[in-house]
K.L.:
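If you scroll down you'll find the structure; I have some questions about it.
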Amino acid sequence: SQQGEEDPQALSIQEGENATMNCSYKTSINNLQWYRQNSGRGLVHLILIRSNEREKHSGRLRVTLDTSKKSSSLLITASRAADTASYFCATDNSNYQLIWGAGTKLIIKP
Amino acid sequence: DTGVSQDPRHKITKRGQNVTFRCDPISEHNRLYWYRQTLGQGPEFLTYFQNEAQLEKSRLLSDRFSAERPKGSFSTLEIQRTEQGDSAMYLCASSQAAMRRGLSTGELFFGEGSRLTVL
């Protein structure tokens with residue numbers, strides 16, 4: 001079963017613009033993680049935010065977490081063509097496994 | 001750092017045949033996961049090992065699927081009597097669990113996946 005739901009399903013923006021993706025989930029969590037996947041490749045971990053954290057930064061990435069609304073957002077600033085990929089959120093609810101959403105497909109137009 | 005490696009990267013087989021995938025995790029990682037991913041979807045959990053013990057197995061995993069991790073090193077995922085619905089990308093991931101984290105799952109390191117096509 002998939003707990004997370006990403007929104008939007010697809011996003012197309014111009015290079016240099018910011019991209020925002022949202023994730024909603026259903027149950028309480030230990031942490032929430034964001035991953036990137038290039039077409040036909042494996043997933044790459046981007047950032048992990050714990051349930052007691054509200055915001056986290058890593059380079060051009062900014063993640064927020066609102067546990068009262070059971071939602072998270074991923075902001076990519078100053079997008080580049082190389083950011084074109086699918087982005088997934090995954091929640092850890094102490095069950096040895098991550099529960100994944102269906103992802104947001106991001107296209108950066110040059 | 002050799003990362004997580006999976007073999008083969010692509011496998012085309014006829015319905016009814018058996019297939020086996022291999023995963024070599026990052027050497028110091030004690031946790032190993034298998035996921036299945038179909039086009040346009042996120043990964044679906046299949047099974048999980050801590051060292052050589054298989055601790056969790058998804059209800060999605062029919063009795064045609066079996067996974068092993070002998071000696072807590074590499075792992076194999078075997079699918080017997082393949083069906084067209086088994087066509088998917090099979091992803092392996094590993095992680096190092098810190099004891100103090102208990103059940104918490106930290107960052108997963110994924111391989112490039114093994115794509116299965118059942119004709």
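All chains are named by letter (A, B, ...) in the order of the sequence lines, taking the proteins before the strands, and each is independently numbered beginning at 1.
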K.L.:
Checking B/Arg9 against chain A: side chain, backbone, both or neither under 4.5 Å from a heavy atom?
P.N.:
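For B/Arg9, the contact with chain A is made by the side chain alone.
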
K.L.:
My understanding is that only residues two or more places apart in sequence, or in another chain, count here; which of them pass side-chain hydrogen bond (donor to acceptor under 3.5 Å, both in side chains) with A/Ser73?
P.N.:
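Testing A/Ser73 for side-chain hydrogen bond (donor to acceptor under 3.5 Å, both in side chains), a comparison that skips the adjacent residues, returns A/Thr64.
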
K.L.:
Is A/Leu11 close to A/Lys105 at the side-chain level, that is, under 4.5 Å between some pair of heavy atoms?
P.N.:
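Sidechains of A/Leu11 and A/Lys105: no contact.
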
K.L.:
Measure from the side-chain N and O atoms of A/Asn18 to the backbone N and O of A/Ala78, and report whether any donor-acceptor pair falls under 3.5 Å.
P.N.:
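Yes: the side chain of A/Asn18 pairs with the backbone of A/Ala78.
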
K.L.:
Using heavy-atom distances under 4.5 Å, tell me whether A/Leu48 contacts chain B through its side chain, its backbone, both, or neither.
P.N.:
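Contact with chain B: side chain only.
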
K.L.:
Check this for me: A/Gln9, atom CD, are more than 12 non-hydrogen atoms of other residues, nucleotides or ligands nearer than 6.0 Å?
P.N.:
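Not buried by this count: 12 neighbours or fewer within 6.0 Å.
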
K.L.:
Hey, does the side chain of B/Arg69 reach the backbone of B/Gly72 with a donor-acceptor pair shorter than 3.5 angstrom?
P.N.:
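Pair found, side chain donor or acceptor close to backbone of B/Gly72.
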
K.L.:
Which atom names give the shortest non-hydrogen contact between A/Ala19 and A/Leu106, and what distance separates them?
P.N.:
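For A/Ala19 and A/Leu106, the tightest heavy-atom pair comes out as CB-CD1, 3.9 Å.
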
K.L.:
Taking non-hydrogen atoms and a cut-off under 4.5 angstrom, which of residues 84-94 of chain B neighbour chain A?
P.N.:
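B/Met89, B/Leu91, listed by number.
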
K.L.:
Taking everything shown except A/Glu53 itself, do over 12 heavy atoms lie less than 6.0 Å from its CD?
P.N.:
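Correct, the count exceeds 12.
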
K.L.:
For the residue pair B/Phe110 and B/Tyr35, categorise the inter-ring angle as parallel (less than 30°), tilted (30 to 60°) or perpendicular (more than 60°).
P.N.:
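B/Phe110 vs B/Tyr35 ring planes: tilted.
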
K.L.:
Anything in residues 32-42 of chain A with a heavy-atom distance to chain B below 4.5 Å? Please list those residues in order.
P.N.:
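From residues 32-42 of chain A, the residues near chain B are A/Gln33, A/Tyr35, A/Gln37, A/Gly40, A/Arg41, A/Gly42.
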
K.L.:
For B/Gln37, is it the side chain, the backbone, both or neither that has a heavy atom under 4.5 Å from a heavy atom of chain A?
P.N.:
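Just its side chain gets close to chain A.
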
K.L.:
For B/Tyr33 and B/Ser95, which heavy atoms make the closest approach, and how far apart are they?
P.N.:
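For B/Tyr33 and B/Ser95, the tightest heavy-atom pair comes out as CE1-OG, 3.7 Å.
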
K.L.:
Could you work out, with ring-ring contact (aromatic ring centres under 6.0 Å, His included) as the rule, every residue matching B/His29, not counting sequence neighbours?
P.N.:
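So B/His29 forms a ring-ring contact (aromatic ring centres under 6.0 Å, His included) with B/Phe109.
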
K.L.:
Any idea which heavy atoms bring B/Asn18 and B/Arg81 closest together, and the distance?
P.N.:
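Residues B/Asn18 and B/Arg81, closest heavy atoms: OD1-N, 2.8 Å.
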
